[in-house]
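Worksheet: the structure to be examined is printed underneath.
Residue numbers begin at 1 in each chain, while the letters A, B, ... track the order of the sequences.
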Amino acid sequence: MTTVRIPADWPATEAEARAVQDELRGRVILDEPGPPPGTGCVTGVDVAYDDERGVVAAAAVVLDAATLAVVAEATAVGAVSFLYVPGLLAFREIPTVLAALEALHRAPGVVVCDGYGLAHPRRFGLASHLGVLTGLPTIGVAKNPFTFAHAEPDTPRGSTAPLFAGADEVGRALRTQAGVKPVFVSVGHRVSLDNACAHTLALAPKYRIPESTRRADALCRVALRETVARPGPPTP
DNA sequence: GCGACAG
DNA sequence: ATCTTGTCGC
């Protein structure tokens with residue numbers, strides 16, 4: 001597991017962070033369909049926190065898209081780099097997530113983030129940000145609708161309803177299990193919304209949350225516990 | 001102005 | 001995100 005330092009130029013204030021989003025937003029690529037679902041690899045990323053100690057742990061888990069078998073995984077830990085502010089989540093997670101992705105010794109394929117991409121107050125959520133920084137195809141799959149409006153998708157698995165920010169369609173509510181609360185899918189970088197939903201559905205054959213996110217969630221919790229329970233904290 | 005608000 | 005017991009079900 002690698003340890004990361006907060007970048008020297010990391011935003012310190014909310015205004016600086018918003019300015020970074022406004023600057024990077026223009027680099028998002030929205031006109032590529034992305035890799036076909038069910039082929040190649042898909043990578044889930046997630047983080048866990050110990051706010052008392054200011055420690056964050058990230059995990060990246062690579063799955064074979066066809067079988068959902070785990071083919072690679074990596075973790076990273078570091079100091080919390082930003083406080084949680086709705087709309088600025090990426091600044092809390094990205095340094096450690098980047099380190100985990102870099103520790104992977106294979107191509108991640110599509111990266112599935114636990115949060116939003118285009119569905120964001122400034123249309124630049126975690127998945128968009130991670131995509132621009134890495135150049136990788138990314139999508140966002142969130143568990144809550146945030147501030148966005150949506151109709152209830154039909155009961156069958158695979159049903160969708162558009163997610164609206166005012167009149168803009170910024171994503172979809174996707175029912176991954178019949179009769180169970182939907183997840184909220186939005187485009188990150190270099191993947192179409194149709195493909196993002198297809199990937200998400202393929203990753204959730206049995207549970208509401210995509211297998212990629214479930215695996216990454218479990219792994220980053222282990223990584224957090226191991227570093228917190230060990231002498232010699234990673235905080236310089 | 002007040003509250004809500006991805007993780 | 002995180003704090004938390006028991007409980008229902010495969």
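A sub-4.0 Å separation between OP1 or OP2 of dA6(B) and a side-chain N or O of K143(A) is absent. One finds no side-chain N or O of N144(A) lying less than 4.0 angstrom from the OP1 or OP2 phosphate oxygen of dC5(B).
Using a 4.0 Å heavy-atom distance criterion, A119(A) is classed as making no nucleic acid contact. When heavy atoms are screened at a 4.0 angstrom cut-off, L88(A) is found touching base atoms of the nucleic acid. Within 4.0 Å of Y49(A), counting heavy atoms only, lie sugar-phosphate atoms of the nucleic acid but no base atom. Counting non-hydrogen atoms under 4.0 angstrom, G140(A) reaches nothing in the nucleic acid.
Listed nucleotides: dT2(C), dA6(B), dG7(B). Nearest to the side chain of R221(A): dT2(C). Closest contact between the side chain of T147(A) and the listed nucleotides dC5(B), dG7(B), dA1(C) involves dC5(B). Side-chain atoms of L89(A) lie closest to dG7(B) of the nucleotides dG7(B), dC5(B), dT2(C).
Ring geometry, F124(A) versus H129(A): the interplanar angle falls from 30° to 60°, so the pair is classed tilted.
Spacing between atom CG of D51(A) and atom P of dT2(C) amounts to 8 Å, rounded to whole angstrom units. Across the protein-nucleic acid pair, I94(A) atom CD1 and dA6(B) atom P stand 18 Å apart, rounded to whole Å. One atom, CG of D50(A), and another, P of dG7(B), lie 20 Å apart when rounded to the nearest Å. Atom pair L224(A):CG and dT2(C):P shows a separation of 7 Å (rounding to whole Å applied). Here dT2(C) presents its C1' atom at 10 Å from CZ of R92(A), a figure rounded to the nearest Å. In this entry the distance linking CZ of R225(A) with P of dT2(C) reads 12 Å, nearest Å. The separation between Y207(A) atom OH and dC10(C) atom C1' is 10 Å, rounded to whole Å. In this structure, R53(A) atom CZ and dA1(C) atom C1' are separated by 17 Å, rounded to whole Å.
With rounding to the nearest 0.5 Å, the separation of CZ in R18(A) from OG1 in T13(A) is 7.5 Å.
Inter-residue side-chain proximity for T227(A) and M1(A) is flagged as met; some heavy-atom pair is nearer than 4.5 Å.
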TODO: Start with the C-alpha gap between F148(A) and Y116(A), add the side-chain angles, then the distance that decides, and say whether ring-ring contact (aromatic ring centres under 6.0 Å, His included) holds.
DONE: CA-CA 11 Å; F148(A) 304 105; Y116(A) 280 119; 5.7 Å; yes
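Between D217(A) and R214(A) there is no salt bridge, since no side-chain N of the basic residue sits under 4.0 Å from a carboxylate O of the acidic one.
Per the stacking criterion (ring centres < 5.5 Å, plane angle < 30°), Y84(A) does not stack onto the base of dA1(C).
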